[in-house]
Amino acid sequence: MEKSRSSFSGKIGFVMAAAGSAVGLGNIWRFPYLAAKYGGGMFLLVYIIIAVTFGFTLMTAEIALGRKTGLSVIGAYKKLNKKYAFIGWLSALVPVLIFSYYCVIGGWILKYFAVSASNNVREATNDTFFTNFISQIGEPIFWFALFLALTSLIVLLGVQKGIERASKVIMPALIVLSVIITIFVVTREGALEGVLYYITPNLKDFNANTVLAAMGQLFYSMSLAMGIMVTYGSYMKRSVDLEKSVKQIEIFDIAIAFVAGLMIVPSVFIFSGGDTAALSAGPSLMFITMPKVFNEMWMGGFVSALFFLLVFFAALTSAVSLMETVVSIISDKLKIGRNTICVIVFVFSLIIGIPCSLGFGAWDFVNIMGMTILDFFDFISNNILMPIVAFLTCIFVGYVIKPKTLIDEVKLSSKFKREKLFTIVIKYVAPFCILAILATSILDVLGVLHL
Ligand code: PHE
């Protein structure tokens with residue numbers, strides 16, 4: 001007997017869960033430094049334009065694919081055209097690759113939360129604190145396992161009782177925390193200059209790289225091309241307005257990214273006396289610079305704890321969506337219970353995540369194309385697999401099953417206001433843009449381009 005598929009209870013449940021997936025490390029840590037690097041307000045403007053055209057189209061396509069077929073990513077492509085099942089397989093690889101290392105980073109965040117909450121943020125201001133921590137064997141693995149266990153617990157509880165319920169608490173909490181921290185930061189002395197630096201459009205910095213960087217960021221930030229939105233779409237009821245839901249997820253995602261910039265850019269500005277070099281420091285921005293910034297602030301330990309709690313919430317709901325995607329793929333394929341699958345995915349991710357964690361210390365001799373194990377997984381999934389999957393999805397929807405198949409699905413729940421835009425973008429615009437992203441990633445790693 002066919003078991004009936006789980007579903008989100010309604011629109012709010014769906015939007016909160018999907019926004020929970022979209023809002024993650026990408027919004028809080030990556031967006032602010034990209035915006036600071038690529039022209040401030042100009043980057044924001046470009047990002048918004050791309051989000052409501054390109055992002056809207058791809059997200060609508062993925063959710064509609066899931067809802068139409070009622071299947072997770074492998075089954076979804078196969079059901080619509082057997083010959084193209086391989087796109088589903090390729091997409092399934094992405095969350096499998098990302099999940100473990102995402103939880104390793106989640107573990108680092110938990111550690112920083114614990115350090116801040118126990119009022120020891122001063123310890124973390126030492127330049128070597130971060131590298132000392134991640135190069136150990138036991139401690140980072142402990143925090144990684146804890147983060148993974150928390151994620152698994154939510155997934156184990158199921159779509160409505162676990163994911164939806166957790167998202168409905170975490171997402172509003174995330175907004176409240178963001179507002180509190182932002183108000184605190186922008187009212188510090190000297191913050192205004194940083195705010196202006198962040199939001200003033202700088203035409204000089206506007207070029208093709210800005211657009212490509214914004215597009216790459218959008219993909220990651222909206223959790224596209226990794227099977228997540230297809231899976232969540234398969235849990236969406238036909239009565240829920242799909243177009244409006246996508247709009248709300250986008251607003252959520254953009255708003256949190258923007259606000260994260262308002263917290264981080266002015267803080268760094270005040271701390272460094274206007275020197276913006278620290279903003280583009282990659283991972284060390286969050287784990288090395290931010291503790292120093294907090295340490296200098298009034299009530300710094302408390303603000304730091306709130307900040308890492310915010311980052312933890314954001315990362316947790318993203319990790320949940322990754323794990324659910326993997327679980328649903330297995331559950332569609334094999335006739336085994338959800339609990340067993342969760343245990344299998346937990347153990348498997350533990351086994352994959354440990355080398356990622358060790359790659360910063362005991363196993364730092366493992367070097368793939370000049371990258372640590374974690375960076376290599378990140379590179380393969382984000383820079384290579386995701387653009388390929390997104391490109392193939394556009395071709396699949398635009399030319400194989402034809403946009404009308406999904407447009408009809410959207411229209412089951414409402415009018416489709418942006419129907420024309422959807423068709424044009426998926427057939428003619430997105431495939432070329434995505435190829436450009438793929439080409440730049442490849443040239444970049446070959447050392448031809450230095451973006
Ligand atoms: N969208 C998330 C972010 O912006 C990233 C993410 C990656 C989510 C992988 C799920 C899976 O950080």
Side-chain angles (χ1 to χ4, degrees), residues 15-35 47 50-51 55 58-59 62-63 72-73 91-106 108-109 147-148 151 154-155 163 166-167 170-171 174 178 213-233 246 249-261 264 282-283 285-286 310-329 345 349 352-353 356 374 377-387 389-390:
V15 171
M16 288 296 160
S21 172
V23 174
L25 294 175
N27 301 59
I28 299 180
W29 153 70
R30 201 156 172 264
F31 183 88
Y33 91 75
L34 282 179
Y47 187 78
I50 294 177
L58 284 169
M59 189 180 281
E62 289 198 14
I63 295 175
S72 60
V73 76
S91 337
L93 252 179
V94 182
V96 172
L97 279 175
I98 298 183
F99 182 53
S100 308
Y101 81 74
Y102 202 80
C103 290
V104 171
I105 302 176
W108 299 351
I109 295 163
F147 186 90
L148 177 62
T151 308
I154 297 178
V155 176
I163 303 176
S167 308
I170 290 178
M171 297 315 285
L174 203 135
S178 311
M215 226 178 264
Q217 167 66 6
L218 182 92
F219 254 108
Y220 186 75
S221 190
M222 304 231 163
S223 302
L224 296 170
M226 37 184 130
I228 294 177
M229 291 299 163
V230 179
T231 306
Y232 276 14
V246 172
I249 300 166
E250 283 182 329
I251 293 176
F252 223 117
D253 191 61
I254 296 172
I256 299 283
F258 176 66
V259 167
I264 292 180
L285 169 65
M286 189 146 86
L310 166 77
V311 183
F312 164 64
F313 280 165
L316 184 66
T317 43
S318 295
V320 163
S321 71
L322 279 173
M323 182 165 176
E324 177 60 34
T325 302
V326 179
V327 168
S328 73
I329 289 168
V345 175
S349 308
I352 305 282
C356 290
L374 190 151
F377 278 0
D378 183 61
F379 171 75
I380 290 291
S381 45
N382 287 326
N383 299 37
I384 308 290
L385 274 174
M386 280 164 60
V389 168

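All values below were derived from every heavy atom in this structure, side-chain atoms included, with hydrogens, water molecules and symmetry-related copies excluded. Counting starts at 1 for both ligands and their atoms, in listed order.
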Query - Heavy-atom nearest neighbour in the protein, as seen from atom 12 (O) of ligand 1, with distance rounded to 0.1 Å - result: Gly26 N, 2.6 Å
Query - Closest heavy-atom pair and its distance - Val155, Glu324 - result: CG1-OE1, 3.5 Å
Report task. Please report the shortest heavy-atom distance between Ser328 and Thr231, naming the atom on each side. Result -> OG-CG2, 3.1 Å
N/O of [X] under 3.5 Å from N/O of ligand 1, yes or no?
| X | answer |
| --- | --- |
| Asn27 | yes |
| Ser221 | yes |
| Leu25 | yes |

Using a strict cut-off of 4.0 Å, indicate which atoms of ligand 1 neighbour a heavy atom of [X].
| X | result |
| --- | --- |
| Ser318 | 2 (C), 8 (C), 10 (C) |
| Met226 | 7 (C), 9 (C), 11 (C) |
| Ser21 | 1 (N), 2 (C), 8 (C) |
| Ile228 | 10 (C), 11 (C) |
| Ser223 | 1 (N), 8 (C), 10 (C) |
| Leu322 | 9 (C), 10 (C), 11 (C) |
| Ala22 | 1 (N), 2 (C), 3 (C), 4 (O) |

**Report entry** Derivation and outcome, side chain to side chain contact (heavy atoms under 4.5 Å, CB included), residues Val23 and Phe252
**Finding:** CA-CA 8 Å; Val23 174; Phe252 223 117; 4.1 Å; yes
Query raised in the report: Judged by atom type as modelled, is there a donor-acceptor pair below 3.5 Å linking the side chain of Gln217 to the main-chain atoms of Arg30?
Result: no
Query raised in the report: When the ring centroid of Phe147 is compared with that of Tyr102, is the distance short of 6.0 Å?
Result: no
Query raised in the report: Any luck finding a side-chain donor-acceptor pair between Asn382 and Tyr220 under 3.5 Å?
Result: no
**Report entry** ligand 1 contact on Tyr102 by region, counting heavy-atom pairs under 4.0 Å
**Finding:** side chain
Query raised in the report: Can you list the steps and then say if Ser223 with Ser21 is a side chain to side chain donor-acceptor pair (under 3.5 Å)?
Result: CA-CA 7 Å; Ser223 302; Ser21 172; 2.9 Å; yes
Report task. Please work out which of the three classes, parallel, tilted or perpendicular, describes the rings of Tyr47 and Phe31, given edges at 30° and 60°. Result -> perpendicular
